[in-house]
Amino acid sequence: MNIAIFASGAGSNARRIIEYFKDAETVKIALIVCNKPGAGVLDIAREHNIPALLIEKEQFFRGNAYVDELRSHHIDFIVLAGFLWKVPSALIKAFQEKIINIHPALLPKYGGKGMYGQFVHEAVIGAKDAESGITIHFVDEQYDHGSTIFQATCPVLPDDTAASLAQRIHELEHKHYPAVIEKLLLS
Ligand SMILES: Nc1nc2c(c(=O)[nH]1)N[C@@H](CN(C=O)c1ccc(C(=O)N[C@@H](CCC(=O)O)C(=O)O)cc1)CN2
Ligand SMILES: NCC(=O)N[C@@H]1O[C@H](COP(=O)([O-])[O-])[C@@H](O)[C@H]1O
C-alpha cells in the first residue's frame, strides 16, 4: 500500500506518519506532495529519502490534478496533513474514499474556507469553548465536509493562547493520526 502525504507547512504530522511506518512491510510512504517551495515538510522528505513533488496551481486546479504523476508513483492512498489547497474533483474522483484529512478542531465546528492553522485555534479561544480537539475525516469536494472517521478532545484552558492550544492539538494529532491511518488501511 503506497501512501502520498500532501502537506504545505512544517510537516510535524508527516514526520510522525513517516516514522510510524518506517519499518512497515505492507505500507510505504512513497511520495510527499507540497505546494509551498521551501516548506519544512520538503526537508523531512529529503531527510528520509522520500521523493517530493512540488505542485503548481495551474496544473492542480485546471490540469490533470497530478493524477498521472500519482499513478506513476503507484499511489493507493492520500493523506492530507496541513495541506492548504482545496483538493479538486478530478483528484477526488481518481481516489474515491482514498483521501483523508486531519482538522485541528471538532468538526463541524470551526471548519470551511479560511479555517486552518492558527485561525482555527483563535476562533476556538475567541468562542470561549471549554474543549477542542481533532477530527480525521474522508475528503469530499467541500472543505471539512467528508464523513468523520475519528475525533479526540482536549481541554481549552482559561489562559490558553492560540499557540498553547496548537501545541496541545499537535500532541493529539501526533498520537492518533498514524494509528488511525494504519487501522483504516488494514480494515
Ligand atoms: N476538497 C477538499 N480539499 C481539502 C479539504 C477538504 O476537506 N476537502 N481539507 C483541507 C484542509 N483544511 C482543513 O482541514 C483546510 C485547508 C485550507 C483552507 C483554506 O481556507 N485555504 C485557503 C488558501 C490558503 C493558502 O493557499 O495558503 C483558501 O482556500 O482560500 C481551508 C481548510 C485541504 N483540502
Ligand atoms: N484545516 C487544515 C489545518 O489547519 N490543518 C492543520 O495544519 C497543521 C499542520 O501542521 P504540520 O505541518 O506540523 O503537520 C496541523 O495542525 C493540521 O491539523
Side-chain angles (χ1 to χ4, degrees), residues 3-20 29 32-45 47-48 50 52 54-58 60-61 65-67 70 78-125 132-154 156 160 162-178 180-181:
I3 294 175
I5 299 175
F6 282 47
S8 302
S12 71
N13 278 284
R15 180 190 291 282
R16 295 304 183 292
I17 295 164
I18 291 165
E19 289 169 354
Y20 187 91
I29 310 303
I32 299 293
V33 177
C34 183
N35 62 330
K36 305 268 184 183
V41 71
L42 295 172
D43 297 328
I44 294 168
E47 186 186 321
H48 290 273
I50 297 172
L54 200 50
I55 63 173
E56 297 181 339
K57 260 190 175 148
E58 189 61 31
F60 192 58
F61 292 110
Y66 291 90
V67 171
L70 291 165
I78 295 172
V79 170
L80 309 185
F83 184 65
L84 299 184
W85 285 353
K86 183 177 275 189
V87 175
S89 297
L91 189 49
I92 290 169
K93 288 183 172 64
F95 288 88
Q96 283 285 356
E97 296 298 310
K98 302 283 188 193
I99 309 176
I100 65 171
N101 177 57
I102 192 164
H103 183 73
L106 297 171
L107 293 174
K109 295 180 77 175
Y110 310 111
K113 186 175 173 71
M115 295 309 285
Y116 58 92
Q118 299 290 13
F119 298 117
V120 175
H121 309 309
E122 286 164 3
V124 170
I125 289 171
S132 187
I134 61 170
T135 304
I136 298 169
H137 64 93
F138 286 105
V139 167
D140 66 16
E141 274 78 0
Q142 298 175 59
Y143 274 142
D144 309 323
H145 179 263
S147 55
T148 294
I149 299 165
F150 175 85
Q151 288 191 314
T153 65
C154 66
V156 179
D160 261 330
S164 60
L165 178 55
Q167 176 61 37
R168 199 168 306 120
I169 292 287
H170 271 310
E171 286 167 11
L172 273 187
E173 295 176 331
H174 299 163
K175 175 181 178 183
H176 292 292
Y177 207 9
V180 168
I181 293 166

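Ligands are counted one by one from 1 in listed order, and the atoms in each one are counted from 1 as well. These figures come from a predicted structure and were not determined experimentally.
From the protein, the heavy atom lying nearest to atom 9 (C) of ligand 2 is Gly82 CA, 3.7 Å. Protein heavy atom in closest approach to atom 2 (C) of ligand 2: Tyr116 CB, 4.0 Å. Regarding atom 4 (O) of ligand 2, its nearest protein heavy-atom neighbour is Gly117 N, 2.7 Å. In terms of protein heavy atoms, atom 17 (C) of ligand 2 is closest to Glu173 OE2, 3.4 Å. In this structure, the protein non-hydrogen atom closest to atom 13 (C) of ligand 1 is Asp144 OD1, 3.0 Å. Annotation: atom 3 (C) of ligand 2 to nearest protein heavy atom, Pro104 CD, 3.6 Å. In this structure, the protein non-hydrogen atom closest to atom 12 (O) of ligand 2 is Gly11 N, 2.8 Å. Counting only heavy atoms of the protein, atom 21 (N) of ligand 1 lies nearest to Leu84 O, 3.1 Å. Closest to atom 27 (O) of ligand 1 among all protein heavy atoms lies Lys36 NZ, 3.0 Å.
Using modelled atom types, one side-chain atom of Thr135 and one backbone atom of Ala105 make a donor-acceptor pair closer than 3.5 Å. Judged purely by atom type and a 3.5 angstrom limit, Gln151 uses its side chain to pair as donor or acceptor with the backbone of Leu107. Listed for the Asp144 side chain is a donor-acceptor partner under 3.5 Å among the backbone atoms of Gly112. The closest donor-acceptor contact from the side chain of Tyr177 to the backbone of Leu172 lies at 3.5 Å or more, if one exists at all. Judged purely by atom type and a 3.5 angstrom limit, Tyr110 has no side-chain atom pairing as donor or acceptor with the backbone of His121.
Per-residue contacts place Asn101 under 4.0 angstrom from the following atoms of ligand 1 (heavy atoms of the residue considered): 9 (N), 11 (C), 13 (C), 14 (O). Heavy-atom contacts of His103 reach the following atoms of ligand 2: 1 (N) (cutoff under 4.0 Å). Shown in contact with Ile92 at under 4.0 Å from a heavy atom are these atoms of ligand 1, numbered in order with element: 1 (N). Residue contact check: Lys113 has heavy atoms under 4.0 Å from atoms 20 (O), 28 (C), 29 (O), 30 (O) of ligand 1. Set against the non-hydrogen atoms of Phe83, the atoms of ligand 1 under 4.0 Å away are 10 (C), 11 (C), 16 (C), 33 (C). Listed by number with element, the atoms of ligand 1 under 4.0 Å from a non-hydrogen atom of Trp85 are 4 (C), 26 (O), 33 (C), 34 (N). Residue-ligand proximity, His170 to ligand 2, at heavy-atom distances under 4.0 Å covers atoms 10 (O), 13 (O), 15 (C), 16 (O). Set against the non-hydrogen atoms of Ser12, the atoms of ligand 2 under 4.0 Å away are 11 (P), 12 (O), 13 (O), 14 (O).
Heavy-atom distances between Ile102 and ligand 2 reach below 4.0 Å in at least one pair.
Polar contact with ligand 2: absent for Asp144 (N/O pair, distance under 3.5 Å). In terms of N/O distances under 3.5 Å, ligand 1 is approached by Gln142. Some N or O of Gly114 is nearer than 3.5 Å to an N or O of ligand 1, by distance alone. Between Gly112 and ligand 1, a contact under 3.5 Å exists for no N or O pair.
The backbone of Asp140, and not its side chain, has at least one atom closer than 4.0 Å to an atom of ligand 1 (non-hydrogen atoms only; backbone = N, CA, C, O). Contact annotation: for Val87 versus ligand 1, heavy atoms closer than 4.0 Å belong to both the backbone and the side chain. Under 4.0 angstrom from ligand 2, the non-hydrogen atoms of Met115 all belong to its backbone. Contact annotation for His137 and ligand 1: only side-chain heavy atoms (C-beta onward) come within less than 4.0 Å of the ligand. Residue contacts with ligand 1, taken as heavy atom pairs separated by less than 4.0 Å, involve Tyr143 via backbone and side-chain atoms alike. At a heavy-atom distance under 4.0 Å, no atom of Lys57 approaches ligand 1. With a 4.0 Å heavy-atom cut-off, ligand 1 is reached by the side chain of Val139 but not by its N, CA, C or O.
Considering every non-hydrogen atom in both Ala14 and Val41, the closest pair reads CB-CG2, 3.8 Å. Across every non-hydrogen atom of Gly111 and His103, the tightest pair is CA-NE2, 4.0 Å. When every heavy atom of Val120 is checked against every heavy atom of Pro104, the shortest pair comes out as CG1-O, 3.6 Å.
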side-chain contact (heavy atoms from CB on, under 4.5 Å) between His176 and Glu173, intermediate numbers included: CA-CA 5 Å; His176 292 292; Glu173 295 176 331; over 6 Å; no

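Side-chain atoms of Gln167 and His170 include no donor-acceptor pair closer than 3.5 Å.
Atom CD1 of Ile102 is separated from atom CD1 of Ile181 by 8.0 Å, given to the nearest 0.5 angstrom. Remark: Tyr66 OH to Leu91 CG distance equals 11.5 Å, nearest 0.5 Å. If you take OG on Ser8 and CD1 on Ile55, they are separated by 7.5 Å, rounding to the nearest 0.5 Å.
Between Phe6 and Phe60, the ring planes are tilted. Angles from 30° to 60° get that label.
Residues Leu70 and Phe95 meet the side-chain proximity criterion, which asks for heavy atoms closer than 4.5 Å.
Between Trp85 and Phe61, the ring centre distance stays below 6.0 Å.
With salt bridges taken as basic N to acidic carboxylate O contacts below 4.0 Å, one links Glu47 and Arg15.
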